[in-house]
Novice: 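Please see the structure below; I have some questions.
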Amino acid sequence: VTAHPGDRRAVDALRMRAEALREEGRILDAAVAHEGLADVEALEGPVRRAALAEAVARYRAAQETRAEARVLERIANEDPRPIEVMEAQWRLAELASLQSDDGAERRRWLRALIATEAAMGGENDDRARWLAAHAALVVAEPTRAGFEAIALARPLEESVTRKRAAMEQARAACAGHRIGALVACGG
């Protein structure tokens with residue numbers, strides 16, 4: 001069924017088809033149908049976002065991680081709600097950690113999440129702060145590991161100076177994210 005702008009019956013038919021597929025247990029087909037529904041230009045933003053969320057849930061249930069990531073990227077790029085963008089970025093980072101061995105893609109999504117939270121200003125809530133704090137910890141991990149790798153050795157002044165500089169880099173990587181409270185609570 002192809003929906004034309006303004007054709008409410010066609011949109012309703014797409015929605016009913018997606019729901020029927022889900023009820024029949026055809027999870028992957030339901031995911032594809034929900035994703036298609038989100039492409040209908042006649043749909044309002046909230047309905048389109050709900051269709052994308054359903055597509056993500058169905059792709060995840062079907063363990064179709066590439067398709068899930070594709071839809072999550074749409075949410076991360078199109079959703080006007082920062083917390084939904086952050087949740088998508090968080091899941092994209094999780095998926096990247098499953099598929100990438102060097103962690104660069106994961107860190108890219110986590111840095112984007114940190115930037116999204118920073119752009120929220122005073123509008124962020126506890127969940128947004130928690131996501132950003134966890135993201136900052138992961139992004140700062142190589143810096144922390146670099147700090148730990150520096151051994152104190154003679155001449156002591158030289159190694160302490162290098163270790164102190166590495167510690168400051170690690171602290172700066174986590175600055176502003178209430179990492180202490182996060183770690184104290186068990187993360």
Novice: In the hydrophobic clustering (ILVMFWY, side-chain contacts below 4.5 Å, transitive), which residues join Trp109, or is it alone?
Specialist: Leu28, Val32, Leu52, Val56, Tyr59, Val71, Leu72, Ile75, Leu92, Leu95, Leu98
Novice: More than 12 non-hydrogen atoms from neighbouring residues, nucleotides or ligands closer than 6.0 Å to CD on Glu123, yes or no?
Specialist: no
Novice: Sequence neighbours left out, what passes side chain to side chain contact (heavy atoms under 4.5 Å, CB included) with Asn124? Give chain and number order.
Specialist: Glu117, Met120, Ala128, Arg129
Novice: Does this structure show an ion pair linking Glu148 with Arg144, if we count only N-O contacts that are shorter than 4.0 Å?
Specialist: yes
Novice: Holding to side chain to side chain contact (heavy atoms under 4.5 Å, CB included), I want the full list of residues that pass it with Arg111, two or more places apart in sequence or in another chain.
Specialist: Arg107, Val139
Novice: Quick one: do Arg9 and Asp12 make a salt bridge, cutoff under 4.0 Å?
Specialist: no
Novice: If I take atom CD from residue Gln89 and atom CG from residue Asn77, how far apart are they, to the nearest 0.5 angstrom?
Specialist: 8.5 Å
Novice: Taking 4.0 angstrom as the limit, do Glu68 and Arg91 come out as a salt bridge?
Specialist: yes
Novice: Can you tell me how far apart CE (Met167) and CD1 (Ile150) are? Round to the nearest 0.5 Å.
Specialist: 11.0 Å
Novice: Does the distance from a Lys or Arg side-chain N to an Asp or Glu carboxylate O, for Arg127 and Glu87, drop under 4.0 Å?
Specialist: yes
Novice: Got a second to check how far Glu73's CD is from Glu78's CD, nearest 0.5 Å?
Specialist: 11.0 Å
Novice: Is any side-chain N of the basic residue among Asp79 and Arg81 closer than 4.0 Å to the acidic one's carboxylate O?
Specialist: yes
Novice: Quick one: does Lys163's side chain have a donor or acceptor within less than 3.5 Å of a partner on Leu152's backbone?
Specialist: no
Novice: Indicate yes or no: does Arg70 engage Glu35 in a salt bridge with an N to O separation below 4.0 Å.
Specialist: yes
Novice: Taking Thr116 for the side chain and Met86 for the main chain, is one N or O donor matched with an acceptor at less than 3.5 Å?
Specialist: no
Novice: Could you tell me whether Asp39 and Arg74 have a side-chain N and a carboxylate O separated by less than 4.0 Å?
Specialist: yes
Novice: What pair of heavy atoms forms the shortest contact from Ala31 to Ala55, and how long is it?
Specialist: O-CB, 3.6 Å
Novice: Residues two or more places apart in sequence or in another chain: which of them pass side chain to side chain contact (heavy atoms under 4.5 Å, CB included) with Ala57?
Specialist: none
Novice: Report the distance from atom CD of Gln63 to atom CD1 of Ile27, rounding to the nearest 0.5 Å.
Specialist: 9.5 Å
Novice: Please report the interatomic distance OG1(Thr65) to CZ(Arg60), rounded to the nearest 0.5 Å.
Specialist: 11.0 Å
Novice: Looking only at heavy atoms, which two atoms of Ser159 and Ala153 are closest? And how far apart?
Specialist: OG-O, 2.9 Å
Novice: Determine whether Val85 and Ile83 fall in the same hydrophobic cluster, where Ile, Leu, Val, Met, Phe, Trp and Tyr are linked whenever their side-chain heavy atoms lie under 4.5 Å apart.
Specialist: no
Novice: When you look at CD of Glu157, are more than 12 heavy atoms from neighbouring residues, nucleotides or ligands closer to it than 6.0 Å?
Specialist: no
Novice: Could you tell me if the side chain of Arg15 sits less than 4.5 Å from the side chain of Val47, heavy atoms only?
Specialist: yes
Novice: Please report the interatomic distance CH2(Trp90) to CZ(Arg106), rounded to the nearest 0.5 Å.
Specialist: 7.0 Å
Novice: Does Arg48 reach the main-chain N or O of Val40 with its side chain, forming a donor-acceptor pair under 3.5 Å?
Specialist: yes
Novice: Between Leu110 and Ala93, which heavy-atom pair has the shortest distance, and what is it?
Specialist: CD2-CB, 3.6 Å
Novice: Can you list everything that forms a side chain to side chain donor-acceptor pair (under 3.5 Å) with Glu19? Sequence neighbours excluded, please.
Specialist: Arg22
Novice: Just to verify, what does Pro46 make a side chain to side chain contact (heavy atoms under 4.5 Å, CB included) with, not counting sequence neighbours?
Specialist: Glu44, Arg49
